[in-house]
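Keep in mind that what you see is a predicted model, and the values were worked out from it rather than measured. Residue indices begin at 1 and follow the sequence shown.
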Amino acid sequence: MAMKKIVIVGASSGIGNRIARDFARYGWRVGVAARREAPLKQLQDEFPDKVVYKTIDVAANVAVERFNELIEELGGMDVLLYAAGCGFQNPSLQIEREVSTIQTNVIGMTRICLAAYRYFRANPGKPSQIAVITSIASTKGIGVAAAYSASKRYQRTYIEALEQLARRQQVNVKFTDIRPGFIRTALLDEKIDYPMTMSLNYVVPLIELAILKKKRVATVDWRWRLLTAAWSMVPRSWWVRMPVDALCGVDAREYND
């Protein structure tokens with residue numbers, strides 16, 4: 001049986017880094033990409049026969065070229081996991097923060113997912129998958145993180161549109177929308193008591209299961225699934241009056257793996 005291959009964009013830390021390690025342990029060939037080279041090289045040093053890497057800034061014009069080079073060096077691709085992201089709580093609406101979020105979460109994600117889709121369309125035959133780590137913030141517009149929540153909504157809508165296109169073009173690709181709640185990493189401010197926070201050790205196996213089972217939508221975890229189902233029924237006229245300052249899932253720091 002041929003060894004399966006996954007490409008993880010946003011693998012220098014957090015969820016993407018942990019999943020890369022796990023899939024290498026599972027026996028997969030793993031292509032990893034991020035802006036920072038050191039953690040990628042560390043992954044390759046740890047799994048020299050399983051991991052190849054390429055430094056990629058998804059906001060750069062050369063991102064697609066480097067992504068395609070990574071696929072070639074890996075020897076193909078069965079699954080793409082887009083785990084790169086950028087986000088802020090930005091109630092002051094600093095334009096640099098809003099634009100940075102859009103460049104990574106919208107433009108960068110579009111570049112990479114479109115390149116993956118084109119690869120799968122050009123290489124038919126075996127099942128393939130595009131998985132994107134969006135957020136529970138994709139379910140509602142959150143005032144203190146306008147660009148972040150809007151960009152996550154864009155991501156879920158974009159892969160939904162690609163799914164429809166794949167059916168029309170008969171491209172054998174599945175799509176997985178992974179929507180985590182708060183995860184206790186360095187990205188969360190330790191001074192803030194975020195509700196229903198989860199550890200990486202708890203979250204990552206749930207995300208991996210969603211990928212392996214090719215779930216269409218996976219809200220992590222069940223508590224966030226219930227909460228987002230409840231607030232999805234809140235009328236817009238009520239929602240805009242609600243104090244939801246912390247619901248975006250990121251603090252004032254940037255992240256872009």
Side-chain angles (χ1 to χ4, degrees), residues 7-20 32-40 53-67 70 80-116 130-159 161-162 177-192 194 200 244-257:
V7 173
I8 302 173
V9 177
S12 61
S13 64
I15 293 172
N17 186 272
R18 185 72 63 87
I19 291 177
V32 291
R35 292 187 304 178
R36 294 182 291 134
E37 182 174 12
L40 303 181
Y53 75 87
K54 183 77 66 174
T55 56
I56 298 177
D57 180 351
V58 297
N61 291 331
V62 297
V64 170
E65 179 182 349
R66 295 186 65 80
F67 177 69
L70 178 60
L80 164 70
L81 173 61
Y82 189 86
C86 179
F88 303 93
Q89 286 192 17
N90 188 25
S92 62
L93 297 177
Q94 296 179 38
I95 187 62
E96 295 82 5
R97 290 183 169 185
E98 300 293 90
V99 170
S100 179
T101 299
I102 297 303
Q103 285 177 336
T104 298
N105 297 355
V106 174
I107 297 173
M109 176 267 189
T110 302
R111 282 192 176 113
I112 299 302
C113 287
L114 180 57
I130 294 174
V132 178
I133 295 180
T134 64
S135 171
I136 54 94
S138 69
T139 59
K140 283 287 187 181
I142 300 171
V144 294
Y148 181 76
S149 53
S151 68
K152 291 301 180 178
R153 184 72 174 197
Y154 171 89
Q155 289 181 343
R156 59 180 283 193
T157 302
Y158 192 79
I159 62 174
L162 282 184
D177 177 355
I178 301 165
R179 305 173 188 172
F182 294 136
I183 302 172
R184 179 52 64 187
T185 67
L187 302 176
L188 294 185
D189 190 338
E190 294 180 356
K191 299 176 183 178
I192 298 177
Y194 294 91
L200 273 178
V244 289
D245 290 353
L247 288 180
C248 62
V250 293
D251 66 5
R253 288 170 286 184
E254 178 186 14
Y255 67 99
N256 181 349
D257 285 331

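Taken to the nearest 0.5 Å, the OG1 atom of Thr134 stands 6.5 Å off from the CD1 atom of Ile159. Tyr158 OH to Asp177 CG: the interatomic distance, rounded to the nearest 0.5 Å, is 15.0 Å. Annotation: the span from Ile19 atom CD1 to Leu200 atom CG amounts to 9.0 Å, rounded to 0.5 Å. With rounding to the nearest 0.5 angstrom, the OG1 atom of Thr157 is 9.0 Å from the OH atom of Tyr154. For the atom pair Ile178 CD1 and Tyr82 OH, the distance stands at 14.0 Å (nearest 0.5 Å). Between Leu114 atom CG and Met109 atom CE the span is 10.5 Å, to the nearest 0.5 Å.
Considering all non-hydrogen atoms of both residues, Glu98 and Ala146 come closest at OE2-CB, 3.9 Å. The two residues Ala34 and Leu40 make their nearest non-hydrogen contact at N-CD1, 3.5 Å. The nearest pair of heavy atoms linking Ala11 to Asn17 is O-ND2, 3.0 Å. Closest heavy-atom contact between Val58 and Arg111: O-NH1, 3.1 Å. Taking each heavy atom of Cys113 and Val132 in turn, the nearest pair found is SG-CG2, 3.8 Å. Across all their heavy atoms, Gln155 and Ile133 have their closest contact at OE1-O, 3.7 Å.
Although no hydrogens or angles enter the test, the distance criterion places a donor-acceptor pair under 3.5 Å between the side chain of Thr101 and the main chain of Arg97. Distance alone, capped at 3.5 Å, places no donor-acceptor pair between the Thr55 side chain and the Arg35 backbone. Ser151 places a side-chain N or O within 3.5 Å of a backbone atom of Tyr148 that can act as its donor or acceptor partner. Not a single donor-acceptor pair under 3.5 Å links the side chain of Arg66 to the backbone N or O of Lys54.
For Ala60, the side chain to side chain contact (heavy atoms under 4.5 Å, CB included) partners at least two apart in sequence or on another chain are Asp57, Val62. In terms of the side-chain hydrogen bond (donor to acceptor under 3.5 Å, both in side chains) criterion, Ser138 has no residue partners (sequence neighbours excluded). Not counting sequence neighbours, Arg153 has no partner by the side-chain hydrogen bond (donor to acceptor under 3.5 Å, both in side chains) test.
Checking Arg36 against Ser12 by side-chain atom types alone, a donor-acceptor pair falls below 3.5 Å.
At a threshold of 4.5 Å between non-hydrogen side-chain atoms, the residues Ile136 and Lys152 do not count as touching.
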